[in-house]
Each structure stands twice: as structure tokens, then as C-alpha cells.
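As C-alpha cells, the structure follows; a few thoughts come after it.
Throughout, protein chains are lettered first and strands after them, A, B, ... in sequence-line order, and every chain is numbered starting at 1.
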There are 2 protein chains.
Amino acid sequence: MANSSATIRDVAKLAELSVASVSRVLNGHGNVHADTRKRVLKAMDTLGYVPNAAARSLSTARSHAIGIVLPDLHGEFFSELVRGMDMAASDANYMMLLSTMHADRERAIQALSAMRGRIDGAIVMAPQLSPEDLRRALPAGSPAVLVNSPEEDGQHHNLRIDNRGGVTLMVRHLLASGRKRIVHLAGVAENLDAVERKQAFCDTMKALAPELPVRVLDGDFTDTGAELLVQQLLASGEEFDAIFAANDMMALGALKVLRTIGISVPGQVAVAGFDDIPLASFLDLTTMRIEISDFGKRAVERLVAELSNDAPPATLERVTPTLITRATTASG
Amino acid sequence: MANSSATIRDVAKLAELSVASVSRVLNGHGNVHADTRKRVLKAMDTLGYVPNAAARSLSTARSHAIGIVLPDLHGEFFSELVRGMDMAASDANYMMLLSTMHADRERAIQALSAMRGRIDGAIVMAPQLSPEDLRRALPAGSPAVLVNSPEEDGQHHNLRIDNRGGVTLMVRHLLASGRKRIVHLAGVAENLDAVERKQAFCDTMKALAPELPVRVLDGDFTDTGAELLVQQLLASGEEFDAIFAANDMMALGALKVLRTIGISVPGQVAVAGFDDIPLASFLDLTTMRIEISDFGKRAVERLVAELSNDAPPATLERVTPTLITRATTASG
DNA sequence: CTGAAAGCGCTTACAG
DNA sequence: CTGAAAGCGCTTACAG
């Protein structure tokens with residue numbers, strides 16, 4: 001009922017051949033007589049035949065699809081990530097099976113399980129999942145690449161942002177432009193990137209400018225949260241000539257407060273963020289750009305390489321962001 | 001090799017039962033002895049058994065997955081659309097197979113074909129596809145809902161934005177706030193929504209304020225394009241007290257020019273857009289909000305209803321946007 | 001170059 | 001309540 005379409009058997013019948021022959025031309029095998037091929041093609045055409053992927057998967061143990069498990073789908077980050085994945089996947093002729101876990105560990109495991117038989121491998125961005133969870137969820141021996149996974153399991157390739165490299169570039173830039181009192185607005189403490197950025201900020205300051213104070217305020221990645229922090233900072237009377245936020249939204253919050261108060265940016269205070277969201281370029285914010293779609297593309301390319309047994313050993317791979325200098329730090 | 005996982009046969013062997021019994025507990029059928037169930041469950045657990053979806057699809061002719069074909073994945077619109085679809089899909093326990101067509105007609109047809117056997121139905125947003133193409137691409141009799149399809153084929157449900165309704169609300173709002181000379185910045189001529197908005201603008205003006213001039217400038221949906229248009233408009237010396245752009249990006253371009261020139265908004269000129277992108281709220285732009293995630297959600301819900309043979313007849317369904325009044329039109 | 005047959009991993013009448 | 005068997009639509013050795 002649901003599927004009243006023609007099958008390979010119908011094609012064979014119409015072409016007066018065996019299903020084996022039909023299958024051969026379907027898969028482009030060489031050993032087929034030109035005339036046979038022609039008859040098959042014609043029959044397929046008149047019947048509007050399209051092979052059934054499930055049947056094919058079952059006999060080849062290959063689905064030509066990859067599973068994607070993401071924590072969420074909210075915002076530019078994920079849409080760019082998926083876009084990059086899509087580019088690489090369609091280049092390599094793979095379909096994408098998408099699933100979100102909404103920060104729910106059990107759900108991620110289920111999603112992955114439900115993909116068994118449908119996918120040849122998976123890309124998993126699920127910070128909550130332990131290596132043990134992954135072992136449970138991933139079909140045994142099925143390739144997977146992790147994105148932003150906190151732990152290494154020695155089994156899977158793991159793609160992460162080079163937070164240390166990015167922070168170092170930005171701190172260097174701020175110091176080079178003469179800033180002496182840089183305040184770092186950190187992101188939510190549970191976020192791995194936030195933690196790495198904060199740590200990297202402290203380390204880099206100590207390494208590059210041991211004489212300068214290292215100031216960190218703990219934020220939550222939101223603009224409104226950052227506004228409060230900056231207001232408190234101003235109220236405290238503490239001096240500062242640069243704010244380096246762990247993401248752009250916080251940087252924008254900071255900007256808003258400074259401008260409202262009448263503090264000139266970058267004259268009195270430089271402001272910088274991290275991510276390069278669309279708003280950043282619109283509002284001329286200096287930031288670290290993560291080419292997120294590249295990130296997704298890399299992940300799929302790596303997975304595809306693994307699927308072709310054509311991949312170097314799994315490692316932790318860091319993708320370094322690039323410094324985008326704009327008006328909020330432009331002057332010296 | 002790729003799939004060395006346990007099969008139903010392994011479970012049956014370990015539990016010393018037939019595969020039929022295993023299948024029954026797997027599918028929660030009632031007619032199973034409690035003890036049998038227990039043994040099966042235990043065997044599944046020790047083997048880490050997960051059923052193979054391809055095999056299951058093949059025998060049930062049901063995949064519990066839906067296909068999504070989108071023109072692109074760029075930007076907020078698509079990420080929100082997919083997010084809404086994901087919500088509805090996971091609620092209804094369906095997986096999503098995602099594919100983009102990049103404005104390529106043949107590619108969309110291929111993508112849809114490649115989904116045969118993997119999906120129970122599809123959501124297709126592919127303006128380029130004719131009803132005839134769809135008939136070719138969609139597995140015969142397989143349900144599909146269209147999103148933003150220009151043509152009705154009488155077969156499939158079609159979800160579209162209520163451009164006329166939205167434009168009417170906005171024009172009414174502008175007129176109510178005393179605007180007399182409203183300029184409409186139209187979007188790209190090939191875009192169906194752009195065309196509808198433009199037409200609706202002209203019609204609404206004629207209907208609600210026949211004495212007022214109807215002014216339309218043809219734009220391209222970009223902020224930079226709109227900047228040029230507004231500069232030309234200013235240079236022409238023509239008077240106007242409101243700009244209603246066919247999308248937010250153009251409205252923002254207009255805003256930029258007006259502010260640069262020193263024209264007060266909304267004092268001298270009101271500015272309004274369409275879409276309610278994140279930038280709009282950030283920059284306090286009056287606009288028509290399309291709840292895009294709802295749009296995606298509706299599409300999937302409709303499809304799921306069709307899959308359960310539980311849907312009213314297919315129609316053209318319009319989703320009406322809501323007016324979001326903000327600072328750029330606030331005063332009288 | 002071609003066909004008959006087994007098999008991929010499930011589900012589901014059909015008997016019992 | 002349970003099992004043997006057929007069948008879902010393909011692919012792929014194996015003969016010929």
C-alpha cells in the first residue's frame with residue numbers, strides 16, 4: 001500500500017531478463033551485453049523504477065548515509081555546522097540522518113541506536129556522552145568522529161576548536177595595541193570551550209606579560225549577563241582598557257554598556273569577542289572567527305575517509321580560529 | 001565487517017527461543033509469556049543487541065523516517081525551519097533525512113529518489129520543482145507536504161507564508177501612525193514571496209488609502225542593494241515618510257543610510273521590514289514576524305498526520321505572520 | 001554474458 | 001503462547 005512502486009522483479013519481467021542482470025546494470029557492472037543494458041534501462045524508465053535503499057542496505061551492509069547527532073539546532077552555529085556537513089556529505093554522495101539530543105544523554109544514546117542499519121558511520125557532538133556511553137550507543141566497529149568531545153577515548157577522531165591558539169592570538173593583538181589592563185569575560189563554567197578560553201587567557205597573560213594584572217569575570221555567554229558584569233566593573237572603579245569576552249554575545253553586551261555610559265570604544269576601552277557571529281561584522285566587533293561550516297565539512301570528510309579505510313589514525317584535531325580585527329580594537 | 005553486531009538470530013540462540021519470539025518482545029506484542037520476555041530482554045542486554053533498521057524497514061515497508069529536501073541551509077531561516085521540523089519529528093518518533101538541492105532541479109529529484117526505501121514521506125521545499133517533477137521524484141503514493149511551492153498540484157498539502165495578510169497588517173499600522181508617503185522596497189523578482197508582498201502592497205494601498213501615492217522600488221533582498229535604492233530615492237528629492245522593505249536586511253540597509261544622512265527615524269521616516277531576523281530585535285526594527293520554527297513544525301505535523309491516514313484533505317495553507325512594533329515606527 | 005539460488009535481518013500470518 | 005517458514009527487495013558468488 002504505502003509502496004506500490006515497481007521493484008527490480010518488475011523491471012526484470014518487463015525486460016525479459018533475470019533480476020541479476022537488472023541488478024548488474026543498476027550497479028554499473030561491466031559484464032553486461034550492450035543490448036541487455038539497453039533493455040533494462042528502457043524497462044526501468046517506463047516503470048519509473050527507483051531501487052529501494054533499505055533492501056540494498058540490507059544486502060550490502062552499506063547505507064551510504066551518515067548519522068549526525070547534535071545537542072541542539074538553535075542558532076547560527078548549528079546551521080553553519082550542518083551546512084558544512086551537507087557540503088562534504090553530498091560531495092561524497094552520502095545522505096545525512098539528523099538527530100538532536102537536547103542535552104539529554106539517554107536520548108543521544110537512543111538516537112544513535114535508532115540509526116543502526118541506516119548509517120555507515122556517525123558524527124557525534126554530544127558533550128554529555130562518556131566514552132562508555134559511546135561504546136554502548138555506537139554499533140560495534142562502526143566508525144564515528146566526535147565533535148567537541150571533552151574526553152579522548154583513543155578510538156575516535158575528535159575535532160575541537162583551538163581555544164588556546166585563538167586566545168593567544170587575541171591577547172597578543174590587544175597587547176600589541178598597547179592595552180595594559182585586559183579583563184576577560186568568561187563563559188558558562190560547564191562549557192568546555194569557556195573553560196579552555198579562560199584558562200588560556202590566564203596562561204597567556206602570565207607568559208606574555210607577567211607584569212600585568214590578570215582579571216577574569218565569570219559570565220554566562222549572554223549579552224545581558226555581560227552587561228551586568230561590566231556595570232559592576234564600572235561601579236567598582238577598577239581600571240581597565242580592554243574587554244576580551246569569551247564569545248561575541250558577551251562582547252556586544254559589554255559594548256552596549258560602554259557606549260551607553262559614554263566610554264569611547266576603542267579609544268578608552270577596546271572590546272573583542274570570540275566566534276564571529278553575523279552580528280559581529282554588522283557591529284564592527286573585533287573577534288576570533290571560527291569557520292564553522294569548515295568545521296562541519298572537516299568532520300564529514302574525516303568520517304568519509306574512515307569509511308573508505310583511508311584515514312590516518314584517530315587523534316584530537318584542533319581547528320584554529322583566525323583573528324578578525326575591526327573597529328572595536330582598531331586604534332592603538 | 002562493517003557490521004559485526006548481534007542479530008536477532010544471536011539473541012534467539014542465546015535465549016533458546018525462536019526469532020519470532022524475540023521479534024515479538026522487540027515489538028511489544030502482547031502474546032508473550034512473562035518468562036520468555038525476561039529471557040529475551042536479558043539476552044538482548046548481554047549482547048548489546050540493537051535491531052537493524054534497514055531490515056525492519058524492508059519487512060514492514062515502514063522506515064519511521066521522513067525526508068527533508070531544502071534549497072539550501074544558509075542562514076537563520078533554514079536553521080529555524082529545521083529546528084521546528086526536528087521538534088515535531090522527534091515528538092512523533094521519526095528520524096529526519098536531510099538533503100539540500102542548491103537550486104538544482106535535477107539534484108532535488110535525485111535526492112528524493114535516493115530516499116526511496118529510507119523514508120515514509122517527505123517535506124519538500126523546492127520552488128524549482130514542477131508538479132510533474134514531483135510526480136517523477138516522489139515514490140508513487142508516498143505522502144509529501146510542500147513548503148513554499150509556487151504551484152498547486154491538488155495532490156499535496158502546501159504550506160506558505162501569508163504574505164498578503166502580513167503586508168496588510170503592516171500597511172495598516174503605518175497608515176494608522178499617520179504615514180502618507182510609504183515606499184515599498186521589493187525583493188528579488190524571481191522570489192515568490194517578494195512578488196506576493198509587492199503585489200499585496202499595491203493592492204492594500206489602493207484599497208485602504210486610494211488617495212495616497214503607491215511607490216515601489218525594486219530591490220534584491222540585500223542590505224547593500226537597499227542602501228543604493230534609498231540613496232537614489234533621497235537624491236531624487238521625492239518625498240516619503242515611511243519605508244516598508246520586503247525583508248529585514250533591506251530595512252536595515254535603509255536604516256543605515258537614513259541615519260548616516262541624519263534623517264530621524266521614526267521622526268521623519270518610519271522604517272519597517274519583514275521576517276524578524278535576530279538583527280531586527282537587536283536594532284529595534286519594526287517588522288512582521290514569521291515564526292519559522294512553527295512553520296517547520298506544522299509541516300512535519302501535517303506529514304505525520306498523513307502518514308497515520310489522519311489528515312484533512314490537502315490544501316494551500318497560509319501561515320500568517322504577526323506584527324512586531326518597535327522603535328523604527330513607534331511614534332505617530 | 002546470463003540466470004537460479006542463497007542470503008542480508010527482520011516481521012508476520014499460519015499452525016499447533 | 002510459541003515456532004517454522006515465507007517474504008520484504010535487493011546483491012553476489014556460483015555455474016554455465
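In this structure, the CZ atom of Arg9(B) is 12 Å from the C1' atom of dA5(D), given to the nearest Å. Note: CG (Asn52(B)) to P (dG7(C)) measures 18 Å, nearest angstrom. Distance Met44(B) CE to dC10(C) C1': 14 Å, rounded to the nearest Å. Spacing between atom CZ of Arg39(A) and atom C1' of dG3(C) amounts to 13 Å, rounded to whole angstrom units. Ile8(B) places its CD1 atom 11 Å from the P atom of dG9(C), with the value rounded to the nearest Å. For the pair Asp10(B) CG and dC8(C) C1', the computed distance is 13 Å after rounding to whole Å. Rounded to an integer number of Å, the gap from CZ of Arg62(A) to C1' of dT11(D) is 15 Å.
Here the side chain of Asp120(A) pairs a donor or acceptor atom with the backbone of His64(A) at under 3.5 angstrom. Between the side chain of Arg62(A) and the backbone N or O of Ser57(A), no donor-acceptor pair lies under 3.5 Å.
Arg56(B) has a side-chain polar atom (N or O) that falls below the 4.0 Å cut-off from OP1 or OP2 of dT11(C). Listed pair Ser59(A) / dC10(D) fails the phosphate criterion, with no side-chain N or O lying under 4.0 Å from OP1 or OP2. For dT11(D), one of the phosphate oxygens OP1 or OP2 lies less than 4.0 angstrom from a side-chain nitrogen or oxygen of Ser23(A). Between Thr60(A) and the phosphate of dT11(D), there is no side-chain N or O to OP1/OP2 separation shorter than 4.0 Å. Contact check, Asn31(B) against dT2(D): no side-chain N or O comes under 4.0 Å of OP1 or OP2.
When distances are taken from the side chain of Thr36(B) to each of dC10(D), dT2(C), dT2(D), the shortest belongs to dT2(D). Comparing atom distances between the Ser18(B) side chain and each of dT11(D), dT2(C), dG3(D) picks out dG3(D) as nearest. Considering only the side chain of Tyr49(B), dC10(C) comes nearest among dC10(C), dC10(D), dC1(D). Listed nucleotides dT11(C), dG3(C), dC10(D) differ in distance to Ala55(A); the shortest reach to its side chain belongs to dC10(D). Side-chain proximity of Leu58(A) to dA4(C), dG9(D), dT2(D): nearest is dG9(D). Considering only side-chain atoms of Thr7(B), the nucleotide from dC10(D), dA4(C), dG9(C) that sits closest is dG9(C).
Residues His29(A) and Arg37(B) both approach DNA chain D. Their nearest nucleotides, taken by heavy-atom distance, put Arg37(B) toward the 5′ side.
For Arg116(B) against dG9(D), a side-chain-to-base donor-acceptor contact under 3.5 Å is absent.
Two residues are said to be in side-chain contact when any heavy atoms from C-beta on lie closer than 4.5 Å; Ile8(A) and Ser23(A) meet this criterion. Between Val82(B) and Phe78(A) the shortest side-chain heavy-atom distance does not fall below 4.5 Å. Taking 4.5 Å as the limit, some side-chain heavy atom of Asp193(A) sits within range of a side-chain heavy atom of Arg160(A).
Separating the CG atom in Leu146(B) from the CG atom in Asn158(B) is a distance of 5.0 Å, to the nearest 0.5 Å.
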Less than 3.5 Å apart, which donor and acceptor atoms pair up between the side chains of residues 30-46 of chain A and the rest of the protein, not counting sequence neighbours?
from: Arg39(A); atom 1: NH1; to: Ala15(A); atom 2: O; distance (Å): 3.0
from: Thr46(A); atom 1: OG1; to: Ala43(A); atom 2: O; distance (Å): 3.4

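Residues Arg298(A) and Glu317(A) are paired through a salt bridge, judged by an N-O separation under 4.0 Å between the basic side chain and the carboxylate.
Stem analysis of DNA chain D (Watson-Crick or G-U pairs, both distances under 3.5 Å, runs of at least three) returns C:1-3 with D:14-16, C:5-12 with D:5-12, C:14-16 with D:1-3.
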